Protein chains: 2
Amino acid sequence: MTRADVARYAGVSTAVVSYVLNDGPKAVAPLTRERVLDAVRVLGYRPNAAARALSKGTADMFGLVVHDNRNPFFAELCHALDQATADVGRSLLIVNSDRSQVSTAEQIRDLASRQIGGLIIADVLTASEQSVVESLGIPAVVIGQFGETDGLYSVGVDFARGAYEVCAHLIEHGYRDIAFAGSAARYDERERGWREALTAARLPLGTLVHTPFGYQGGYDTAMKLMRQGALPRAVLAASDQIGIGLLAAFHEHRIRVPQDVALASFDGTMIADFVSPRLTTAAQPMERMARAAVELLLNPDTPRQHRAYSTQLRIRESCGCDSEGSGSEGSGSEGSGSEG
Amino acid sequence: MTRADVARYAGVSTAVVSYVLNDGPKAVAPLTRERVLDAVRVLGYRPNAAARALSKGTADMFGLVVHDNRNPFFAELCHALDQATADVGRSLLIVNSDRSQVSTAEQIRDLASRQIGGLIIADVLTASEQSVVESLGIPAVVIGQFGETDGLYSVGVDFARGAYEVCAHLIEHGYRDIAFAGSAARYDERERGWREALTAARLPLGTLVHTPFGYQGGYDTAMKLMRQGALPRAVLAASDQIGIGLLAAFHEHRIRVPQDVALASFDGTMIADFVSPRLTTAAQPMERMARAAVELLLNPDTPRQHRAYSTQLRIRESCGCDSEGSGSEGSGSEGSGSEG
DNA sequence: CTGAAAGCGCTTACAG
DNA sequence: CTGAAAGCGCTTACAG
């Protein structure tokens, strides 16, 4: 039941039980160690995590704040984070911040009161929320968001470069009128990538639509584009979800993709490969990002830094490439992550 | 910092601080109470959850075991559970069980050692895993799975009836050759619903394909059906994901849905409304299920029971109904949950 | 209505 | 290499 039972069974003090279970801080004689391990096994003993957390001042848990875990990108990111944290013996306390009842700052304070040893934020923080995080004295990392976040660790991808690459691919198809559908919240680096790719190719800027992420945002964007009269020849969506929403609206109005309008998106979620046509997309390396985030939390003495990985261009059908064509998967650039 | 600071500031004992913070077990004079509350506010005090958990023997957390949170159905269920638990002041400790490294039993024991006050299982358990759960002495509820689970609470939908209803709808379209694509794991009640609907309509049983849930399972099923020669006139998929996989494969092979093959599925996830054609599906009331699960955990003295809610038929395009037709949403049966 | 004190199950200096 | 003991920050009988 408790470490006292184990100690009694093994004929040692409770301190010794701790020493062997934690591999320290004191050494234990091999034979004693075996006796303890045996007792643990026989008794089926499991340390009480709450007692441990109280004693150590920190629990073996990480907190994860995600805006909405239903979004496939974040769902996959959560999954990767679950694996990565489990791999280092931690658990994940997850909260969705898309809740009206409670403020995100409150949710973060609540996590802190649970003695989490690190905080992972898959969401964009307001300045005041960020200062709350900083005041906590808990290592924190922002994951999957735009650019660096001042005082905190952050890991993400090079959005501008990723968008540049997908856009360049659309340009290679000969499309000259390429629209962009992306976020208005903060400055979205993907928008810059789109801009730069068009500029580099001496093409005029296409239509720019700001829309919420998610299927509906994409759907609404398509409706807007259609109402405008002339459709763009191609559109770059800032997320797979937006891309899928576009697809739904276009299909509904008998607009063929890619024949009438070509499409490419961002994220590389699983569903992007199971819509018709399959979406060409810039994939984010979520497992690597998750592992990087966990690693940073585990080494809180590491200087503050932003880790940006490269996206991987997955060329499929929505851009106009032959569905049976060569290199339908991952033939794109696959640069190494520019870390540091 | 700690309740001692609050007590000092308010000029009371630490016990009194507890009394007001917990609304008991003793009454506190209104004025004293105000002084304490003030101190809490001024000092920005938050109780240490680990200490509380140690003292009470249970933490304000629920554990959630989900097979794979990336599956849209489970992603949405997790989201609903997050809301429902937050609404009662609890946090969710989530673990995915699709991990090769660690056994699910081990994951469950780990959750228990963290003093969770309840366990939610969105997964099918082996007999031995179930006995582990029972041995924990923690209220546990299985959610979203087939039928009842012996010793534990369970909440789900009436799979058979839901499948029956969707299948009946396909039959109303005049389709006579209706296949089923669903799980082989355990006896899937949806399969029974399909069987019964066909039988009731005096139709022969269509092709039965057992496949893993998920997009790929649906994709593979479609390939199998196509290889078999004559395609069924319609197929009932046991999940939206299977349905979407079917759709992808059919589209790839220029088979029109619903003209050549009609489709209907199960779950009612958001993505089902954003594929082309939009999927007709039997929607599970996830928010209600989540709230029911949480309520059961909160009242562990409630006798063991299975709560089955009705699905809601969402008629859209994949079944062959006109996309612009009347009642394109939720015109189906909407029975009240048969609880008890 | 309020308080002093024991106890929850760990960890970890401190002695030996 | 091992153990007795204090302490982590709460809760809650038990007295008053």
Side-chain angles (χ1 to χ4, degrees), chain A residues 1-37 39-40 43-61 89 91 109-110 112-117 137-138, chain B residues 1-37 39-40 43-61 89 91 109-110 112-117 137-138:
Chain A
M1 200 175 196
T2 76
R3 108 258 97 139
D5 301 308
V6 176
R8 200 171 307 123
Y9 187 98
V12 299
S13 74
T14 62
V16 171
V17 177
S18 277
Y19 299 154
V20 352
L21 255 27
N22 302 329
D23 271 327
K26 302 287 177 189
V28 175
L31 271 71
T32 314
R33 178 186 174 73
E34 280 314 314
R35 281 217 312 282
V36 171
L37 257 19
V40 167
L43 267 31
Y45 166 73
R46 303 221 135 211
N48 178 320
R52 181 167 222 272
L54 174 58
S55 195
K56 300 207 58 157
T58 173
D60 279 348
M61 300 187 296
S91 283
R109 286 204 198 84
D110 183 84
S113 77
R114 295 187 136 87
Q115 313 302 114
I116 55 171
I138 296 173
Chain B
M1 202 174 193
T2 77
R3 106 261 98 138
D5 300 310
V6 176
R8 199 172 308 124
Y9 187 99
V12 299
S13 74
T14 63
V16 171
V17 178
S18 276
Y19 298 154
V20 352
L21 256 27
N22 302 330
D23 271 326
K26 302 287 176 189
V28 175
L31 272 70
T32 315
R33 179 187 173 71
E34 280 314 314
R35 282 218 312 284
V36 170
L37 256 19
V40 167
L43 267 30
Y45 167 74
R46 305 220 134 212
N48 179 320
R52 180 166 222 273
L54 173 58
S55 194
K56 301 208 57 157
T58 172
D60 279 348
M61 299 187 295
S91 283
R109 287 205 196 84
D110 183 85
S113 77
R114 297 186 135 88
Q115 311 304 112
I116 56 171
I138 297 173

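Predicted model only: the values in this text are computed from it and were never measured. Labels below follow one simple rule: chain letters A, B, ... track the order of the sequence lines, proteins then strands, and each chain is numbered from 1.
- Of all nucleotides listed (D:dC8, C:dT12, D:dT12), D:dT12 comes nearest to the side chain of B:S18.
- Put simply, the side chain of A:Y45 and the base of C:dG9 share no donor and acceptor less than 3.5 Å apart.
- Distance from the side chain of B:L54 is smallest for C:dG9 among the nucleotides D:dC10, C:dG9, C:dG3.
- In terms of modelled atom types and a separation under 3.5 Å, the side chain of B:S113 and the main chain of B:D110 share a donor-acceptor contact.
- Dashed line: the shortest gap from a side-chain N or O of A:R3 to OP1 or OP2 of C:dG9 is not under 4.0 Å.
- Base pairing annotation: D:dC1 forms a Watson-Crick or G-U wobble pair with C:dG16, both donor-acceptor distances under 3.5 Å.
- Taking side-chain N and O atoms only, B:N48 has no distance below 4.0 Å to OP1 or OP2 of D:dC8.
- Rounding to the nearest 0.5 Å gives a distance of 9.5 Å between OG1 of A:T2 and CG of A:L43.
- Following rounding to the nearest Å, B:K26 (NZ) and D:dA15 (P) show an atom-to-atom distance of 11 Å.
- B:V12 comes within 4.0 angstrom of sugar-phosphate atoms only, judged by non-hydrogen atoms across all strands, and of no base.
- Contact record, B:V17 with B:R3: CG2-O, 4.2 Å, taken as the closest heavy-atom pair.
- Counting to the nearest Å, the C1' atom of D:dT12 and the CG atom of B:L21 are 15 Å from each other.
- Close to C:dT12, at under 4.0 Å from its OP1 or OP2, lies a side-chain N or O of A:K56.
- Among the atoms of the strands shown, only primed sugar atoms or phosphate atoms (P, OP1, OP2) are found under 4.0 Å from some heavy atom of B:T2.
- Taking 3.5 Å as the limit, the base of C:dG3 and the side chain of B:T14 contain no donor-acceptor pair of atoms between them.
- Donor-acceptor pairing under 3.5 Å, judged by distance alone, is absent between the side chain of B:S55 and the base of D:dG9.
- For B:D60 and D:dC10, the CG to P distance is 13 Å, given to the nearest whole Å.
- Within the model, atoms CG of A:L54 and OG of B:S55 stand 9.5 Å from one another, a figure rounded to the nearest 0.5 Å.
- The interatomic distance linking A:R46 (CZ) with C:dC8 (P) rounds to 22 Å, in whole Å.
- Within 4.0 Å (heavy atoms only), A:A29 reaches sugar-phosphate atoms of the nucleic acid but no base atom.
- In this structure, CG of A:D5 is placed 9 Å from P of C:dC10, rounded to the nearest angstrom.
- To the nearest whole angstrom, the two C1' atoms, one in C:dT12 and one in C:dG16, are 16 Å apart.
- Residue B:S13 places none of its side-chain N or O atoms closer than 4.0 Å to OP1 or OP2 of C:dA4.
- The closest side-chain donor-acceptor pair between B:S91 and A:R114 falls under 3.5 angstrom.
- Interatomic distance, OG1 of B:T14 versus OH of B:Y19, reported as 8.5 Å (0.5 Å rounding).
- Between the C1' atom of C:dC10 and the CD atom of A:Q115 lies a distance of 14 Å, rounded to the nearest Å.
- A straight line from CG of A:L31 to C1' of D:dT2 spans 14 Å, rounded to a whole angstrom.
- Between A:A4 and A:Y19, the one whose closest nucleotide on DNA chain C sits nearer the 5' end is A:A4.
- One finds no side-chain N or O of B:R52 lying less than 4.0 angstrom from the OP1 or OP2 phosphate oxygen of D:dG9.
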